[in-house]
Amino acid sequence: PSSSFLSSVNRKVLVRPYDDDRLVRYRYRRATTADSLTQTDNTMTTPKHITFVGAGNMAGAMIRGLIQSGTDALNITAIAPSLNNLAPLQQECGIHISQDNSAVSNADVVVLAVKPQLLKAVGYELKPHLNHQPLIISVAAGVTVDSLKNWLSDDKPIVRAMPNTPCSVGLGATGLYANTLCTDEHKSWAEQIAGASGIVQWLSDEQLIDAVTAVSGSGVAYIFLMMEAMIEAGIKQGLSHQANSRNYRCNRANCLPWIY
């Protein structure tokens with residue numbers, strides 16, 4: 001597509017790498033404030049220190065996004081009970097790591113990135129170290145603000161975030177919901193953190209997080225299912241798997257400018 005076309009849809013091509021098959025993979029990010037799905041003023045301050053509780057795939061994706069967007073790795077800490085995930089993340093990103101939950105005590109923002117079934121126990125362990133009232137961001141699916149308030153205390157500014165797996169390549173879509181204790185600055189911080197891995201959408205009703213989970217969270221799997229079905233259809237028509245897969249991937253890449 002021509003540069004004028006891309007300009008007309010207000011997108012910038014940030015990265016255009018070639019993979020092993022020499023196929024172009026486009027990556028886009030929202031290019032203008034008017035085109036953004038956000039609602040807060042990102043000219044506000046940035047948090048001095050962000051601590052992730054959990055060091056799994058989603059935490060790693062968010063940390064990489066933050067660093068790529070300009071956050072100093074020394075302003076990020078990851079906490080986990082085991083070094084299995086922590087050590088590789090520290091080696092790759094240069095962040096601080098800890099196996100002690102008290103490490104949240106100096107954080108402006110605490111991102112809860114543990115499995116939902118573990119969050120209650122983790123919340124009670126963190127509670128004594130959160131008296132400085134940091135912003136709490138939870139990426140745990142299905143865990144409500146009321147539950148978080150019960151485990152952490154009811155005086156905390158809390159944002160629920162529902163990211164999806166494309167966050168791992170900087171192309172995520174994250175729904176955000178803030179409780180009434182969040183200030184505009186808190187919302188700006190949450191938006192900066194989630195926005196480092198893709199686009200964000202603020203939600204006025206917490207129940208809409210479930211819809212985001214279904215559409216953008218689970219919806220990605222349906223796209224891959226469709227891709228597999230189309231490749232299999234080509235194979236049944238006599239194309240080799242390699243040729244058909246390559247052709248489909250090229251068509252997909254060429255469609256991206258029109259989608260975005």
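All values below come from the heavy atoms of this structure, side chains included, with hydrogens, waters and symmetry mates left out.
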Legend entry - From CE (Met227) to CD (Glu232), nearest 0.5 Å: 12.5 Å

Legend entry - Ala178 to Val159 - nearest heavy-atom pair and separation: CB-CG2, 3.9 Å

Inset, instruction - Kindly compute the distance separating CG (Asn150) from NZ (Lys120), expressed to the nearest 0.5 Å. - result: 9.0 Å

Inset, instruction - Using a 4.5 Å cut-off on heavy atoms from C-beta on, say whether the side chain of Val111 contacts that of Ile50. - result: yes

Legend entry - Nearest non-hydrogen partners of Ala161 and Pro163, listed with the distance: O-CD, 3.4 Å

Legend entry - Connected via hydrophobic side-chain network under 4.5 Å: Ile67 and Val109: yes

Legend entry - Separation of Asn106 CG from His96 NE2 (nearest 0.5 Å): 8.5 Å

Legend entry - Of Thr46, Ile95, Leu66, the residue whose pairing with Thr71 passes side chain to side chain contact (heavy atoms under 4.5 Å, CB included): Leu66

Inset, instruction - Rounded to the nearest 0.5 Å, what's the gap from OG1 on Thr45 to CD on Gln192? Could you check? - result: 7.5 Å

Legend entry - Main-chain N/O of Gly172 paired to Asn164 side chain as donor or acceptor, under 3.5 Å: no

Inset, instruction - Please answer: with hydrophobic residues joined when any side-chain heavy atoms are less than 4.5 Å apart, are Leu208 and Leu148 in the same cluster? - result: yes

Inset, instruction - Determine whether more than 12 heavy atoms belonging to other residues, nucleotides or ligands lie under 6.0 Å from atom CD of Gln117. - result: yes

Legend entry - Closest heavy-atom pair and its distance - Ala140, Leu119: CB-CD2, 3.7 Å

Legend entry - Verdict with reasoning, Met62 to Cys167, per side chain to side chain contact (heavy atoms under 4.5 Å, CB included): CA-CA 7 Å; Met62 295 177 74; Cys167 286; 5.6 Å; no

Legend entry - Any donor-acceptor N or O pair under 3.5 Å, side chains Asp146, Thr144: no

Inset, instruction - Over all heavy atoms of both residues, which pair between Ala55 and Ala80 is shortest? Give the atoms and the distance, please. - result: CB-CB, 4.2 Å

Legend entry - side chain to side chain contact (heavy atoms under 4.5 Å, CB included) against Pro81, all qualifying residues, sequence neighbours excluded: none

Inset, instruction - Enter the distance from Leu126:CG to Thr51:OG1 here, rounded to the nearest 0.5 Å. - result: 10.0 Å

Inset, instruction - For Val114 and Val53, run side chain to side chain contact (heavy atoms under 4.5 Å, CB included): C-alpha distance rounded to whole Å, both residues' side-chain angles, the deciding distance at 0.1 Å, then the answer. - result: CA-CA 7 Å; Val114 299; Val53 181; 4.1 Å; yes

Inset, instruction - Search all heavy atoms of Gln133 against all heavy atoms of Asp155 and return the closest pair with its distance. - result: NE2-OD2, 2.8 Å

Inset, instruction - Taking all heavy atoms of Leu86 and all of Ala78, pick out the closest pair and write down the distance. - result: CD2-O, 3.4 Å

Inset, instruction - Using the test salt bridge (charged side-chain N to carboxylate O under 4.0 Å, His left out), find all partners of Glu125 that sit at least two apart in sequence or belong to another chain. - result: none

Legend entry - Side-chain H-bond candidate by donor/acceptor type, Ser102 with Asp100, under 3.5 Å: yes

Inset, instruction - State whether the number of non-hydrogen atoms from other residues, nucleotides or ligands found under 6.0 Å of Lys127 atom NZ is greater than 12. - result: yes

Inset, instruction - Apply the test side chain to side chain contact (heavy atoms under 4.5 Å, CB included) to residues Ile97 and Leu89: give CA-CA distance (whole Å), side-chain angles for both, the deciding distance (0.1 Å), then the verdict. - result: CA-CA 9 Å; Ile97 61 172; Leu89 200 55; 5.6 Å; no

Legend entry - Single-linkage hydrophobic cluster, 4.5 Å side-chain cutoff, Leu203 and Ile136 together: yes

Inset, instruction - Without swapping roles, check the side chain of Arg160 against the backbone of Val143 for a donor-acceptor pair under 3.5 Å. - result: yes

Legend entry - Exam field: side chain Asn179 to backbone Lys156, donor-acceptor pair closer than 3.5 Å: yes

Inset, instruction - Verify the cluster assignment for Leu181 and Tyr177: are they in a single hydrophobic cluster under the rule of side-chain heavy atoms below 4.5 Å apart? - result: no

Inset, instruction - Start with the C-alpha distance between His186 and Ile137, add both sets of side-chain angles, then the distance that settles side chain to side chain contact (heavy atoms under 4.5 Å, CB included), and finish with yes or no. - result: CA-CA 10 Å; His186 290 142; Ile137 300 176; over 6 Å; no

Inset, instruction - With rounding to the nearest 0.5 Å, note down the distance linking CD in Glu191 to NZ in Lys187. - result: 10.5 Å

